[in-house]
Enquirer: 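Have a look at this one before I ask anything.
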Amino acid sequence: MSSSHPTAATPKPLYRRFSDIFEAGFSVDWGIGSFLVISHVLVLLLTPIAYIFAPAGLWQVMLAWTLIHAFIGALSTTVYSHRLIAHGAAKDVRLPTHIIFLALQLFAVQGSVRRWSAQHVIHHSVDKTGQHHLDPYSATWFSTSWRNFLWSHMLTYLFNHPFSREFDAALKAKAHPAIVWQDKHYLPLIIVANFVLPIGLGIVLAGWLGGFCMLLAGSAGFVLAQHNTWTVNSVTHMWGFKKGLMSSAQNNYVWLGPLGEGNHHADHHDYPRDFRNGFGWSGWVLDPTRYAILALRGLGLVQGLNRASRWQEAQIIARRKVRDTKAKSRSVIWQQWEDKLATLGDEWLAAAKAWDQFKLEKTRLTHQIRQAGADSMAAARQRMDVTQEELMRDLRARREDLRAEMQQARQRLKARREEFFTALGELKQANMAVA
Ligand SMILES: [Zn+2]
Ligand SMILES: [Zn+2]
């Protein structure tokens with residue numbers, strides 16, 4: 001695994017030491033700071049004791065509660081706070097989806113959905129605006145890696161950040177009434193979900209000691225859910241195999257922990273609105289959150305998923321390849337190959353665009369056939385079905401032609417892509433021959 005290497009997208013460090021941030025207007029958030037420190041210390045110190053002294057049979061309930069709690073907290077964050085709300089990955093999120101996930105997200109203990117998503121919008125928007133000092137969990141502010149890791153992973157939450165108009169606007173933009181309601185009542189709601197509920201359950205099952213044990217089990221659950229999210233901000237912005245174009249994020253293909261969000265963070269930063277978190281086959285294998293969103297669509301709870309077109313994907317991948325190959329090539333070799341690579345890249349993109357257009361036509365045609373089918377049934381009932389049936393025949397014939405044309409377009413796309421990658425391989429050989 002390669003460590004991160006500076007590129008145009010990696011800004012210069014802003015601070016040398018943690019204490020430098022006070023001059024920039026930061027102050028300690030004593031409320032959230034003490035809550036995070038105390039809950040972590042208590043979970044680490046008291047959990048083993050709780051398991052040792054737990055009333056008979058309760059340890060299984062404690063373990064199950066911790067795991068379910070962590071899973072619910074993590075999934076509600078990745079599916080809802082992140083992809084659906086921060087990034088608008090679906091054009092239509094139905095009211096029951098909002099209500100269910102706003103309740104589940106209380107178990108994440110990472111701030112209200114409104115605040116979480118507004119912070120995350122800023123985390124991405126600095127990729128375009130270049131205002132890296134606004135990134136709430138930047139992994140590039142400090143000149144040393146260990147400070148960047150600690151800051152982006154957890155320390156950022158212990159401080160009040162200076163007011164910014166950008167954050168204020170991002171917060172106000174998340175204006176769905178259910179999201180605003182959860183934000184307003186966040187404190188009592190998380191107390192009920194994370195403290196009253198497990199303590200009450202424990203008391204019912206095994207008295208006051210049971211209540212104490214279940215409190216720790218629940219707290220361990222939200223601590224796990226918190227670190228699940230935080231590793232995306234720290235680990236995947238610092239280590240990986242494939243650097244993205246827009247940010248310090250990297251694809252590392254191994255960090256399955258955050259329900260798929262850690263594997264393809266570079267892809268995600270390069271096309272954030274996508275309901276998927278990674279391109280290509282590895283995105284399919286390593287992205288459980290995508291399955292959850294597809295299941296929601298299957299249930300009719302979300303509609304109109306956004307995804308990068310083949311052309312957009314190809315453009316991102318080709319630009320990364322050209323950047324990396326140029327950086328590794330001797331300048332004399334690069335000059336010989338630059339034009340050829342650009343031409344092959346353009347041909348690949350043109351083939352991808354053609355494919356996208358066929359795909360669009362197929363979607364339109366399917367819709368038309370469905371509509372014509374419904375119309376002709378209505379017409380048949382009124383005994384005037386001739387023109388409808390003709391239309392249906394034409395549409396079906398076009399669909400047959402389209403199938404064959406799409407087959408060819410797919411082959412062309414594959415061939416152009418292969419030519420581009422073959423040229424990259426030959427360029428590599430040319431570099432090695434000179435060496
Ligand atoms: Zn990120
Ligand atoms: Zn994101």
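Excluded from the calculations below are hydrogen atoms, water molecules and symmetry mates; all remaining heavy atoms, backbone and side chain alike, are included. Atoms within each ligand, like the ligands themselves, are counted from 1 in listed order. Residue numbers run from 1 in the order of the sequence given.
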Enquirer: Using atom types as modelled and distance alone, determine if a side-chain donor or acceptor of Ser138 lies under 3.5 Å from a backbone N or O of Asp135.
Expert: no

Enquirer: List the steps, then state whether side chain to side chain contact (heavy atoms under 4.5 Å, CB included) holds for His268 with His265.
Expert: CA-CA 5 Å; His268 173 61; His265 205 51; 3.8 Å; yes

Enquirer: Should Glu361 and Arg398 count as an ion pair when the cut-off is N to O under 4.0 Å?
Expert: yes

Enquirer: Between Asp267 and Arg320, is there a side-chain N and carboxylate O pair less than 4.0 Å apart?
Expert: yes

Enquirer: Applying side-chain contact (heavy atoms from CB on, under 4.5 Å), name anything that partners Gln357, two or more places apart in sequence or on another chain.
Expert: Lys353

Enquirer: Going by an N to O cut-off under 4.0 Å, is there a salt bridge joining Arg416 and Glu419?
Expert: yes

Enquirer: Any chance you could lay out the side chain to side chain contact (heavy atoms under 4.5 Å, CB included) test for Arg17 and Phe142, step after step, and finish with the verdict?
Expert: CA-CA 7 Å; Arg17 297 161 190 282; Phe142 297 92; over 6 Å; no

Enquirer: Sort by chain and number the protein N/O/S atoms found under 2.8 Å from the Zn ion (ligand 1).
Expert: His123 NE2, His237 NE2, His265 NE2, His269 NE2

Enquirer: For the Zn ion (ligand 2), what is the closest N, O or S atom on His82?
Expert: NE2

Enquirer: Angle at the Zn ion (ligand 2) between NE2 of His120 and NE2 of His87, to 10°?
Expert: 100°

